Structure formats: C-alpha cells, structure tokens
Novice: 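Take a look at the following structure, please.
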Amino acid sequence: MASNLLIDRIVNILREKDFNIAAQKLEKIPDLDSFGSENFLHDIILERWVYRPEDVPFTFARDIWQSSSKVEDNRALLKEILQHPIADINRAKINDFLWVVEKDFSAAKSAEKYYRAHLESTEGFDFNFMAINRLVFLSKKLSSKETDDAIRKNLLIRVMDQYDNEDHGKILYLIQTSMSEKVDVDYLIQYTEKILNTYDDQSYDFYIIGKFCDVLEQLYFTKNKWQKKRCVSEPKLIEIRRRKAQAILMAERTLNEQNAGNLMRSVHLLKDVVNILKTITGTEAERKEILKKIDAIEKKMISEMPVFSAKHDNSETVKQLIRQLEVLDKEEALCYFASFIPLPEKSRIEESVTKSADVIGFGGLFPVGILGKDGKAIAKSRPIKKSGDEIDSAAFQESVERRTSEFMGYFAQIMIGNTLHYIRSKFEVEEKDIREIVENSIIVPEDRREAYVKGLMAGFSGDFLTALSILVPQVENSVRELALECGEPVYNLNEDGIEEIKTMHAVLELDGVKEHLDEDFLLALKTVFCSKFGFNMRNDIAHGLLSDKQFQSFHALYTWWFILKICYMFCGKLQVENRIKVNDKLRKLFEGKSEDCVPDA
C-alpha cells in the first residue's frame, strides 16, 4: 500500500494542468512500477500518441501493468489518487487507463466527463489533440447521452480552430475524424484549402500534399453528391488532382540524376504522375511526354547499371575443362557439351535460399524489384517470410527461380561459353552432326526437325538471334506435346465453346507434367522460358523485347545450350552410347587421381 506521503506528492504534481510538466516531475518519483527510467504513471500522464479515435493508448504503461506482480497495489494507488483534486486532463487519463486495462465502465464514464471538461476549458491544439480523439471514441463506445453528435462536432471544430500550423500530420488526421463525424462540409473544405494554400506551387512535400488533396476531393464529392468515378471532368476535381501531380513533379525535379538510386526514384514518381493524369480527361499529350522521359531514364539506368564480377579465380576450372575436352573426338565433345554440364539442382538452390533468409535476417522480408531488358519494372518479389517465420511458398518459389537464373548465368560464362569456344575452334560442327541428335530425340516432333536443326546450327555459328527466334517457339510446342504424353490436356474451353491453348507456364504447372518430369529439369524450364524472376525468354522473344545486342548475352547463350541439352536428354540409345565412351576416356585421363575429378556419369 502506498504511503500518504507518496500519494500527497503525486497529487500535488497532478494538479498541474500542463501534462508535459506533470509527467516530467513524475519521472523523478521512485517507488512506482517502472521499466528502465520510466514508471507506468509517467507514461499514463504523458500519453499523447493518439492520432485517431480508434488508436489504443497507454502502450508502454499497459506493458508495465500486465507484467507487474503488484497490480492490486497499483490499482489501489490510482483509485486513491482519484479521490483528490487533480487537473481534469490527468483525472481523465487515469480513468481512461483503468478502462483500457480493466474494462471498468464507471472509469470510462469518468474519463469521458473529464476529457470533455478539459476540452471546454483549455486552449491549445497540442494539449487537446489526444483528448478530443479519446472523447470521440469513449462517447460513441458508451452511447453517451451527455456527449452527443452535436457536442462532438462543436468540440472538434473548437480544437481545429486552435491549430497553430505546426504539425500537418495531426491536423490531417483530425480533419479525417471530423469527416467521419459529419462536421459541416463547407467548414472542412475551407479549412483544408487553407492548409493546402500554405504550400506554394514549388513545394515538393508531395506525400502530405497528396493526402490533403485526397481529403479535399472526398469533401467535394460529399458536398456536391457526385458519383465516385476514376476519370473526372469537373474543373474543381481536375484542379485538385493537378495540384497533387504538381507536387510529385516538383519532388522528382529535386533528385540528382547522377545517383543511380535517384533514377529509380524518378521513374517511380513519374509513373505516379502518369497514373494521376490518366484520371483527368484531355491529358494524353502530357502523359506521352512523361512516358518518353520515363523511357529515357530507364534506358540510362540499364546503360549505367554496374556489372559485378566474381572474385573467385576460375582459371583452374577452365583448365580442367579443356583438359577433359582434349581427349574427346567431335561426337564425344558434343555429348560432353550437351550432357555432362549439369542443370542447377533444385534441392541445393532451395537450401541456399533458405539459408540466405535465415542468415541475413531481414533479407527475406523485403521485396526485390525485377527489371526487364529496357529497365521496365516487370515484377516484384514478395517477402519470403510471413509473421512468425512462416514461409510464403509462392514467394519462396520466386526466390528459387531468381537464384537459379544467377547460377545459370555463372555456368554460361564458365562452362558453356568455354566449351562452345573449344568445340568451334577444334572441330567443324556440320549439319549432319546436329541432324543425328535431332532425329534421335523423341522430344522433337517429326514435322519440326528442320526448325530444330536450323536453330541449333545457327547457335554453333554464334548467331543466337536466328537460333532463338526459331527454337524458342518450337520448344513451347514440344513441351505441349510432352504434356499430352503425360495425359494432360493443353487446351482450355472458354465460355463461347472456343478451345484456347494453354500458356507454357500453365502447362508446366499441370499435375501430370510435374509428376513425370525431373524436378531439376522442370525448374530449368520454368526459369529459362516463363519466369519473370528468371530469363523469361519465351515472353521476351514472343513480344520482341530483345535487342540485337541482347541476343549476344550469356542468357541467350544459356537458353540455346539448354535447348540443345533438352534434345540430347531425349536421344535414348545415342546418348547412352556416347556417355559410355566419354566416361571411359575421362576415367583413363584421371586414372590414379581423386575421384572428385571425374564427372558424374
């Protein structure tokens, strides 16, 4: 039980109407339940972080209260304090706290009474901001007859009239509360316009200006009973939306274009302006100019994007690769190229993604933007981890595909590029060599063999533009044929009775396909051809998104090689016989050496 001396000291402090001064003095009071340097009573009296009626106050004080072993003593202390004359705002907050933690109905009624008394007798926006929010909440929660709608409206206006133009965030929330409480619309329109007029046309504080513009627009809709619509023609609404767009443009102009991060921010802001202008009739020409600027910035972003190189020295790996190739003839070298260079292992990729999310901590929480070939944002990865460390399976798959594409780029540079260079320098790859592979591959339909031969031959000559333009559509057809062999339909029947072909991505998601295909092969198909988080080659080539230069990239090289590998994987007897020959020669080469040097058969 608290001593009379302690209670007298606290009561003397709480007579102070300025809760900031009272809280400061309470901080020096010992013998109160506390955490660190703050006691629970200090936090109750200082409470001011209530921006909306629905916000629950006293977070820190509640934590101390709920973890305390002296709840009964603390309750008795608060009840005893309330028996003495203290300032209305302090009496209201203590009662409010007892309502929040104990659901004490009589305390809630007292809190309502003294919040109102404080508001009616005290000047000062900051002193009244928390009180008006709590009064609105409590009087409605209690269905109060003493504080009805009319009184709430009058008190809201009273507090708004005390605003000193210091904290626009607080007044924005209070205007929104006043709208909910149906305060006079004309008053709120004039009030909001007055706030907006404190910003000139050169202001770049676009976020807060945009929020006030949204509020003002909503008020005009209410006043004029306009029907909500996306595209507007009313002069006042056009003026408001242009004001919002102007602030964003001013913010964009302040950015330093020499900074790569600012280039991305510029694109984001300009896209926001375009989206606003889309809602205003007659802005087509303006949008076109802004889109041109966006396109120029995105191209600059791509041209200036840093190229990262691995710090690992791969020269020894390349030496071992060439050493193995040197003992093989042309047919065996083609087998080695198409068959022995492995696909990324799904299990290892998944393990890598999981470890990255765990080790980095927040690395799995934040999304990663995926840019297309011209710097356009084509996708955004979702956070891998949900609350409670639960894994989002779809987001996890996206990260797996992104990581797989990184491994593929590495293999293209180290293994595929060097092997292709060796084969082209040592042998003359003829059409009959490729035709043998194509004609033995059961994944190549008989009526598509010429396309595969021409596409693969173009790749061996280094012309990946021709190679992929021919091959990628043919692979999509082969995947559909494969799905049919797995017992899965590849057409959808729409409402009009028209049969529409399924996309490659949809085909790869069919149960029969997933059941029959190796998981590493399936992951590679998705990553190379139809994942926005991978190469997405099917989409990029179908829609003409690759420039001539981009057809000479490592992504293009890997895609062409993967198609060659697909053909060879389904060659049956030809593949088996050639793999046996390659394995025999490699075993002889490494005879007496570590088994780790021998590629897996």
Side-chain angles (χ1 to χ4, degrees), residues 49-55 125 129 132-133 136-137 152-153 156-157 159-161 163-255 265-284 286-287 290-291 294 377 380:
W49 304 111
V50 178
Y51 283 81
R52 302 169 300 174
E54 58 267 30
D55 290 345
F125 182 79
F129 182 69
I132 187 63
N133 278 298
V136 169
F137 174 81
R152 281 196 295 271
K153 291 175 186 177
L156 280 163
I157 291 173
V159 175
M160 290 175 70
D161 287 344
Y163 179 60
D164 53 8
N165 204 37
E166 285 295 322
D167 189 333
H168 282 185
K170 284 184 176 179
I171 197 62
L172 174 64
Y173 277 112
L174 201 57
I175 292 172
Q176 291 170 331
T177 298
S178 298
M179 291 167 63
S180 300
E181 293 302 308
K182 297 185 170 42
V183 169
D184 181 68
V185 173
D186 287 324
Y187 170 84
L188 292 176
I189 286 175
Q190 292 175 19
Y191 196 97
T192 306
E193 287 180 334
K194 181 181 176 182
I195 299 291
L196 266 175
N197 288 337
T198 63
Y199 298 94
D200 61 36
D201 289 341
Q202 303 303 306
S203 177
Y204 50 82
D205 194 354
F206 68 93
Y207 180 80
I208 193 72
I209 291 174
K211 289 296 184 180
F212 278 114
C213 286
D214 291 342
V215 165
L216 189 57
E217 181 174 316
Q218 189 176 345
L219 288 167
Y220 272 105
F221 271 113
T222 301
K223 176 183 178 179
N224 297 297
K225 298 181 179 178
W226 287 332
Q227 185 177 357
K228 290 284 181 72
K229 53 187 176 182
R230 185 172 182 274
C231 196
V232 299
S233 56
E234 293 81 3
K236 193 63 189 179
L237 297 182
I238 290 175
E239 177 189 332
I240 294 170
R241 294 188 182 184
R242 282 195 172 278
R243 179 73 182 86
K244 186 176 180 179
Q246 172 68 12
I248 299 174
L249 284 173
M250 291 308 302
E252 190 275 330
R253 288 168 190 164
T254 65
L255 298 175
R265 185 166 172 77
S266 287
V267 169
H268 176 77
L269 292 174
L270 291 172
K271 286 180 178 180
D272 285 346
V273 174
V274 170
N275 287 330
I276 293 171
L277 293 178
K278 281 181 180 179
T279 69
I280 302 173
T281 55
T283 60
E284 290 79 5
E286 291 175 74
R287 300 201 305 267
I290 295 174
L291 287 170
I294 291 172
K380 183 180 288 186

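Worth saying up front: this structure is predicted, and the values here are computed from it rather than measured.
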Novice: Mind checking ring pair (Phe, Tyr, Trp, His ring centres under 6.0 Å) for F137 and listing every partner two or more places apart, or none if nothing turns up?
Specialist: none
Novice: Just to verify, what does R243 make a side chain to side chain donor-acceptor pair (under 3.5 Å) with, not counting sequence neighbours?
Specialist: none
Novice: Please list all pairs meeting salt bridge (charged side-chain N to carboxylate O under 4.0 Å, His left out) that have one or both residues in residues 170-181, counting only residues at least two apart or in different chains.
Specialist: D126-K170, K140-E181, R152-E181
Novice: If you draw a 6.0 Å radius around NZ in K229, do more than 12 non-hydrogen atoms from other residues or ligands fall strictly inside?
Specialist: yes
Novice: Can you list the residues that meet the ring pair (Phe, Tyr, Trp, His ring centres under 6.0 Å) rule with Y199, with sequence neighbours excluded?
Specialist: H168
Novice: Applying side-chain contact (heavy atoms from CB on, under 4.5 Å), name anything that partners W226, two or more places apart in sequence or on another chain.
Specialist: Y220, F221, N224, E234, L237
Novice: Provide the closest heavy-atom pair for S178 versus L188 in the form atom of the first, atom of the second, distance.
Specialist: CB-CD2, 3.8 Å
Novice: Shortest non-hydrogen contact from N133 to V50?
Specialist: ND2-O, 3.2 Å
Novice: Tell me every residue that passes ring pair (Phe, Tyr, Trp, His ring centres under 6.0 Å) with F125, counting only those two or more places apart in sequence or in another chain.
Specialist: F129, Y163
Novice: Kindly write out the residues that satisfy salt bridge (charged side-chain N to carboxylate O under 4.0 Å, His left out) with R287, not counting sequence neighbours, or none if the list is empty.
Specialist: none
Novice: According to side chain to side chain donor-acceptor pair (under 3.5 Å), who are the partners of E217, at least two apart in sequence or on a separate chain?
Specialist: R241
Novice: So which pairs with a foot in residues 203-215 pass salt bridge (charged side-chain N to carboxylate O under 4.0 Å, His left out), sequence neighbours left out?
Specialist: D214-K244
Novice: Answer yes when E239 and R242 have at least one side-chain N-carboxylate O distance shorter than 4.0 Å, and no when they do not.
Specialist: no
Novice: What residues form a ring pair (Phe, Tyr, Trp, His ring centres under 6.0 Å) with Y207, not counting sequence neighbours?
Specialist: none
Novice: Between S180 (side chain only) and Q176 (backbone N and O only), is there a donor and an acceptor less than 3.5 Å apart?
Specialist: yes
Novice: Return the orientation label for the Y187 and Y191 ring planes: parallel under 30°, perpendicular over 60°, tilted otherwise.
Specialist: tilted
Novice: Run the side chain to side chain donor-acceptor pair (under 3.5 Å) test against K223 and tell me which residues pass, sequence neighbours left out.
Specialist: D186
Novice: Side chains of I280 and L277: closer than 4.5 Å at any heavy-atom pair?
Specialist: yes
Novice: Measuring from T192:OG1 to I175:CD1, what's the distance to the nearest 0.5 Å?
Specialist: 4.0 Å
Novice: Suppose we screen for salt bridge (charged side-chain N to carboxylate O under 4.0 Å, His left out). Which residues come up paired with D55, at least two apart in sequence or across chains?
Specialist: R52
